[in-house]
Engineer: 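Dumping the structure here so I can ask a few things about it.
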2 protein chains.
Amino acid sequence: MARSPTTSDVFNAVAEAQRRQILTVLAAGELSVNALATTLNLRQPAVSKHLAVLKEVELVQVRGVGQQRLYSLNAAALKPIYDWAATFQTLWTGRLDRLEEHLADLLAQQKGDTP
Amino acid sequence: MARSPTTSDVFNAVAEAQRRQILTVLAAGELSVNALATTLNLRQPAVSKHLAVLKEVELVQVRGVGQQRLYSLNAAALKPIYDWAATFQTLWTGRLDRLEEHLADLLAQQKGDTP
DNA sequence: TGAATATATTCTGATAAAGGAATATATTAG
DNA sequence: CTAATATATTCCTTTATCAGAATATATTCA
């Protein structure tokens with residue numbers, strides 16, 4: 001098998017730095033494809049392709065206005081990443097008092113995972 | 001150019017689900033390669049390769065004990081992911097706030113509708 | 001020393017990503 | 001209808017992944 005497709009989940013979609021940049025820019029408000037391209041100094045086709053990936057994992061949504069397509073961020077789709085990383089938070093903050101709770105969460109989480 | 005190597009940064013390293021699972025298991029404490037393999041039902045060479053990737057981005061560290069190699073988690077290396085995702089936190093909590101408001105409106109509206 | 005155990009590496013094959021260039025598809029303007 | 005603008009898609013090449021099998025490299029023990 002090859003590497004998981006970028007469209008398979010949010011983690012893979014966000015692995016690419018340029019796509020993270022796009023999301024960061026979109027956090028300030030919806031933008032057209034060309035606006036994104038000039039802002040990030042990227043080629044238009046490249047931006048369109050990145051947006052297609054982000055749209056497939058529902059990190060962005062489109063709204064057609066005239067000949068433009070305005071893309072906006074769906075920040076809620078990032079929550080799985082935040083939640084996963086937050087699971088380890090107590091481990092780097094050095095707060096060990098919540099470690100038991102943390103491990104309980106991990107066990108519960110792992111139960112639902114694929115083997 | 002091809003896709004960025006999995007070893008290029010933490011985001012790419014963590015994009016693979018099995019590597020996330022390895023980190024989750026290691027959160028409970030250091031483990032040998034074979035212990036990880038049996039726990040996650042993976043082949044030993046696969047685990048070794050995944051660990052090599054995780055080690056290159058400093059998500060894990062090794063300690064040699066006899067013929068075993070005990071891998072442990074370096075949770076601090078996950079902080080960049082947490083920090084990046086946390087940047088968007090206010091956006092999705094705000095969205096939820098608006099959703100609650102919206103639902104409240106719907107409820108009020110429905111209350112007025114039905115006699 | 002030699003066998004056994006634990007882990008790492010190498011090789012192959014299939015898959016797919018990303019960039020560039022060119023082109024296709026809307027949508028609006030004149 | 002035609003031109004112009006905005007965006008999407010296709011083709012091609014390069015590169016890198018992951019899985020699997022086989023093999024290589026420790027390290028310990030008898």
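Because the structure is a prediction, the values reported are computed rather than measured. A note on names: the letters A, B, ... follow the listed sequences, proteins ahead of strands, and every chain is numbered from 1.
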Engineer: When rounded to the nearest 0.5 angstrom, what is the spacing between OG in B:S4 and CZ in B:F11?
Structural biologist: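 B:S4 OG to B:F11 CZ: 12.5 Å, rounded to 0.5 Å.
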Engineer: Within this structure, what is the CD1-to-P distance between A:I22 and D:dT7, rounded to whole angstrom?
Structural biologist: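 Result: 13 Å.
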Engineer: Given C:dA6, C:dA18, D:dA16, which nucleotide is nearest the side-chain atoms of B:Q68?
Structural biologist: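 The closest nucleotide is C:dA6.
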Engineer: So, for A:W92 and B:Y82, is the gap between ring centers shorter than 6.0 Å?
Structural biologist: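 They qualify: ring centres under 6.0 Å apart.
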Engineer: Do B:L78 and A:W84 make a side-chain contact, defined as non-hydrogen atoms from C-beta onward lying under 4.5 Å apart?
Structural biologist: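 Yes, their side chains come closer than 4.5 Å.
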Engineer: Quickly, which of A:R69, A:Q61, A:R63 forms a side-chain hydrogen bond (donor to acceptor under 3.5 Å, both in side chains) with A:E30? Name it, please.
Structural biologist: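 Among A:R69, A:Q61, A:R63, the one that satisfies the side-chain hydrogen bond (donor to acceptor under 3.5 Å, both in side chains) with A:E30 is A:R63.
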Engineer: Starting from P on C:dA18, measure out to CG on B:N12 and report it in whole angstrom.
Structural biologist: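 Value for this atom pair: 9 Å.
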Engineer: Kindly list each side-chain donor-acceptor pair under 3.5 angstrom involving residues 12-29 of chain A, sequence neighbours excluded, with atom names and distances?
Structural biologist:
residue : atom : partner : partner atom : Å
A:N12   : ND2  : A:S8    : OG           : 3.4
A:N12   : ND2  : A:D9    : OD1          : 3.1
A:N12   : ND2  : A:D9    : OD2          : 3.3
A:N12   : ND2  : B:A15   : O            : 3.2
A:Q18   : OE1  : A:H50   : NE2          : 3.0
A:R19   : NE   : A:A13   : O            : 2.6
A:R19   : NH1  : A:H50   : ND1          : 3.2
A:R20   : NH1  : A:V14   : O            : 2.9
A:R20   : NH1  : A:A15   : O            : 3.1
A:T24   : OG1  : A:R20   : O            : 3.0

Engineer: Distance check: side-chain N/O of B:Y71 vs OP1/OP2 of C:dA8, anything under 4.0 Å?
Structural biologist: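 The answer is yes; a side-chain N or O of B:Y71 sits under 4.0 Å from OP1 or OP2.
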Engineer: Between A:N74 and A:E58 (side chain of the first, backbone of the second, donor and acceptor by atom type, cut-off under 3.5 Å), is there such a pair?
Structural biologist: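 Here the side-chain-to-backbone pair exists.
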Engineer: Can you tell which of D:dC18, C:dA18, D:dA6 lies closest to the side chain of A:E16?
Structural biologist: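 The answer is C:dA18, which lies nearest to the side chain.
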Engineer: It should be established whether A:R3 places a side-chain nitrogen or oxygen under 4.0 Å from OP1 or OP2 of nucleotide D:dA19.
Structural biologist: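 For A:R3, the contact criterion (side-chain N or O under 4.0 Å from OP1 or OP2 of D:dA19) is not met.
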Engineer: Tell me which of A:A2 and B:M1 sits closer to the 5' end of DNA chain D, going by the nucleotide each one is nearest to.
Structural biologist: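 Taking each residue's closest nucleotide, the earlier one in sequence belongs to B:M1.
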Engineer: Calculate the interatomic distance between B:R69 atom CZ and D:dT28 atom P; express it in whole Å.
Structural biologist: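 Between P of D:dT28 and CZ of B:R69: 12 Å.
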Engineer: Tell me whether the OP1 or OP2 atom of C:dA29 has a side-chain N or O from A:Q67 closer than 4.0 Å.
Structural biologist: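 No.
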Engineer: Is there a residue in residues 28-38 of chain A whose heavy atoms reach under 4.0 Å of DNA chain D, and which residues are they?
Structural biologist: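 Within this stretch, A:S32, A:V33, A:N34 sit under 4.0 Å of the strand.
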Engineer: For residues 42-56 of chain A, which residues have at least one heavy atom under 4.0 Å from DNA chain D?
Structural biologist: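 By residue number: A:Q44, A:P45, A:S48, A:K49.
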Engineer: Does some side-chain heavy atom of A:D83 sit less than 4.5 Å from a side-chain heavy atom of A:T87?
Structural biologist: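 Side-chain contact under 4.5 Å: no.
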Engineer: For B:S48 and B:Q44: C-alpha separation, side-chain torsions, deciding distance, then whether side chain to side chain donor-acceptor pair (under 3.5 Å) applies.
Structural biologist: CA-CA 6 Å; B:S48 282; B:Q44 175 263 313; 3.1 Å; yes
Engineer: In whole angstrom, give the distance that lies between atom CG of B:L40 and atom C1' of D:dC18.
Structural biologist: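 Those two atoms, CG and C1', are 16 Å apart.
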Engineer: Please report the C-alpha distance between A:L59 and A:V10 in whole Å, then the side-chain angles of each, then the deciding distance to 0.1 Å, and finally whether the side-chain contact (heavy atoms from CB on, under 4.5 Å) criterion is met.
Structural biologist: CA-CA 8 Å; A:L59 272 166; A:V10 189; 3.7 Å; yes
